[in-house]
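Sequence lines set the chain letters: A, B, ... in the order given, protein chains first and strands last, and positions in each chain run from 1. The analysis underlying the following values was restricted to heavy atoms, covering all of them including side chains, and did not include hydrogens, waters or symmetry mates. This is a predicted model, so every value here is computed, not measured.
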2 protein chains.
Amino acid sequence: MPSPTHRAQRRTDALSRERIVEAAVELLDTAGESGLTFRVLTERLATGAGAIYWHVANKGELLAAATDAVVAAALAPGGSQASPQEEIRAVALGLFDAIDDHPWLATQLSAQFSRSPWGAVTPRIFERIGRQVSALDVPQETWFTATSALVHYILGAAAQNAANAVSARELDPSVDRAGFLDAAATAWEELDPDDYPFTRAVAAQMRVHDDREQFLGGVDLVLTGIITR
Amino acid sequence: MPSPTHRAQRRTDALSRERIVEAAVELLDTAGESGLTFRVLTERLATGAGAIYWHVANKGELLAAATDAVVAAALAPGGSQASPQEEIRAVALGLFDAIDDHPWLATQLSAQFSRSPWGAVTPRIFERIGRQVSALDVPQETWFTATSALVHYILGAAAQNAANAVSARELDPSVDRAGFLDAAATAWEELDPDDYPFTRAVAAQMRVHDDREQFLGGVDLVLTGIITR
DNA sequence: ACCTGAACACCGTTCAAGT
DNA sequence: ACCTGAACACCGTTCAAGT
């Protein structure tokens with residue numbers, strides 16, 4: 001029973017690139033990467049396929065736009081004037097949480113990375129992190145390498161974490177995080193001692209670790225390397 | 001004009017998982033990720049689709065097997081008993097070169113990473129690097145985070161590099177590496193000074209950098225962080 | 001300028017049937 | 001046990017036709 005106010009909200013009913021991207025993100029969030037299809041998008045938006053193609057060149061561009069929209073939102077505020085280190089940690093955590101909320105983002109981000117390294121998303125992240133690195137009082141010759149290392153670590157680690165979260169849900173939705181970690185750690189402990197001594201040795205650590213804490217630990221580690229050199 | 005010796009080689013003509021994976025890798029190398037299709041695979045192997053499905057569950061498994069095969073080869077020898085740092089650099093370079101030779105590996109590696117974090121490839125890399133980290137004389141509590149950071153950096157940076165190589169080829173096959181870097185650097189220098197001050201500042205660095213050197217620089221940076229902490 | 005929707009080419013996967 | 005190949009369901013994309 002929509003009130004007139006709601007109707008007014010729906011009045012801007014015309015198709016637009018924005019509305020399409022929005023619907024795509026929703027679909028990705030709820031149905032995963034394989035759930036984003038021009039057919040269901042067509043139903044959801046109550047139009048024909050051609051209509052979507054009028055606003056968007058192809059599926060790749062749609063995926064890129066969806067990724068871009070979510071990343072832009074995650075990078076948005078920034079807020080206070082903390083130290084460069086704290087800013088970097090904040091940006092990193094923002095991306096970490098975004099990937100956690102939109103697990104498809106992980107794959108997409110590295111795909112963007114691969115397809116057009118300097119398309120739209122990557123430069124935003126690179127610039128955002130790099131600006132803080134340059135404020136870090138380290139020689140300028142190290143900026144490029146340092147920023148690359150940070151960005152690679154952040155995206156890689158966040159992606160890995162999202163993957164863990166997804167596969168945990170898929171494997172057994174009833175089991176909680178602790179249960180999943182426990183099962184994984186146990187699996188590690190049962191690996192062949194000759195082939196996997198290290199992984200076995202580290203299994204206990206993995207059982208009790210906190211994702212965000214561990215993620216930030218890695219950021220600090222790279223930061224330490226940057227400052228020390 | 002195949003000699004009898006060659007014929008003997010071709011005698012083991014029966015379909016096998018190994019032969020299928022081999023053909024898949026070849027196809028991926030020459031035609032890219034979108035070139036790997038059950039139809040052309042079927043032609044190449046001169047069989048029917050069902051025959052392939054007898055040996056391989058589905059396309060995902062085939063991709064995983066191809067990735068696994070290439071990574072296993074890249075990680076294979078190891079050789080000398082150098083210092084842990086040197087070993088880590090060697091392993092890193094091995095992966096770097098493998099991704100450079102098989103650009104599809106980059107996407108696939110992070111996809112594997114996402115789909116089944118502890119499927120087959122990732123643990124191999126993790127273990128290989130981790131073993132050296134544990135020999136690094138740093139407290140055991142740091143092993144997990146340190147190894148994760150290294151692996152994330154290595155895969156991320158190598159992937160980025162492969163992506164650059166691919167898009168360089170695609171954009172204009174006639175232009176060489178120096179030309180590509182030059183064009184990219186120029187593009188960076190022409191970015192909006194208000195929005196992208198850092199990227200602009202780092203453009204010159206990017207113009208003259210050497211991929212492998214820069215990659216190893218990042219590895220050293222993370223290693224420094226690990227040892228310093 | 002923007003949208004419709006049937007049609008096209010192509011894909012991964014299945015399966016009854018063969019050997 | 002292993003292979004054949006037609007058939008199925010589904011996909012991204014195009015395009016003549018409408019408004």
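- Listed nucleotides: C/dG12, C/dC3, D/dT4. Nearest to the side chain of A/Leu15: C/dC3.
- Checked against the 6.0 Å centroid threshold, A/Phe126 and B/Trp188 count as a close aromatic pair.
- Residue B/His55 places none of its side-chain N or O atoms closer than 4.0 Å to OP1 or OP2 of D/dA1.
- Atom CG in B/Leu45 sits about 11 Å away from atom P in D/dC3, given to the nearest Å.
- One can place OH of A/Tyr53 at 7 Å from P of D/dG12, the figure rounded to the nearest angstrom.
- An OP1 or OP2 oxygen of D/dC3 is reached within less than 4.0 angstrom by no side-chain nitrogen or oxygen of B/Thr47.
- Note on B/Glu190 versus B/Arg200: no salt bridge recorded, every NZ/NE/NH1/NH2 to OD/OE distance being 4.0 Å or above.
- Nucleotide D/dC11 forms a pair with no other nucleotide shown, judged by Watson-Crick or G-U wobble geometry with both contacts under 3.5 Å.
- Pairing for D/dA16 goes to C/dT4, judged as Watson-Crick or G-U wobble with the two contacts each under 3.5 Å.
- Distance CD (B/Glu33) to P (C/dG12): 12 Å, rounded to an integer number of Å.
- At a threshold of 4.0 angstrom between heavy atoms, the contacts of B/Leu36 are confined to the sugar-phosphate backbone, with no base atom among them.
- Going from atom CG of B/Asn58 over to atom P of D/dC10 covers 18 Å, rounded to whole Å.
- Residue B/Phe38 has its side chain nearest to C/dT13 when only D/dT4, D/dT13, C/dT13 are considered.
- Heavy-atom neighbours of B/Glu18 CD from other residues, nucleotides or ligands within 6.0 Å: at or below the threshold of 12.
- Picking from D/dT14, C/dT4, D/dG12 the nucleotide with the shortest atom distance to the side chain of A/Ala49 gives D/dT14.
- Of the candidates C/dG12, D/dT4, C/dA1, the closest approach to any side-chain atom of A/Trp54 belongs to C/dA1.
- Separation of the A/Phe215 and A/Phe96 ring centroids falls under the 6.0 Å cut-off.
- C/dT13 atom C1' lies 12 Å from atom NZ of B/Lys59, rounded to whole Å.
- Comparing atom distances between the A/Ala51 side chain and each of C/dT13, C/dT4, D/dG12 picks out C/dT4 as nearest.
- The aromatic rings of B/Tyr53 and B/Phe38 lie parallel to each other, with less than 30° between the two planes, well short of the 60° mark.
- In this structure, B/Ser16 and B/Arg39 both approach DNA chain D, and ranking their closest nucleotides by distance from the 5' end singles out B/Ser16.
- To the nearest angstrom, C1' of C/dC2 lies 11 Å from CD1 of A/Ile20.
- Phosphate contact (OP1/OP2 of C/dG5, side-chain N/O of A/Thr42, threshold under 4.0 Å): absent.
- Rounded to a whole Å, the CG atom of A/Leu62 is 14 Å from the C1' atom of D/dT13.
- Across the protein-nucleic acid pair, B/Glu43 atom CD and D/dT4 atom P stand 14 Å apart, rounded to whole Å.
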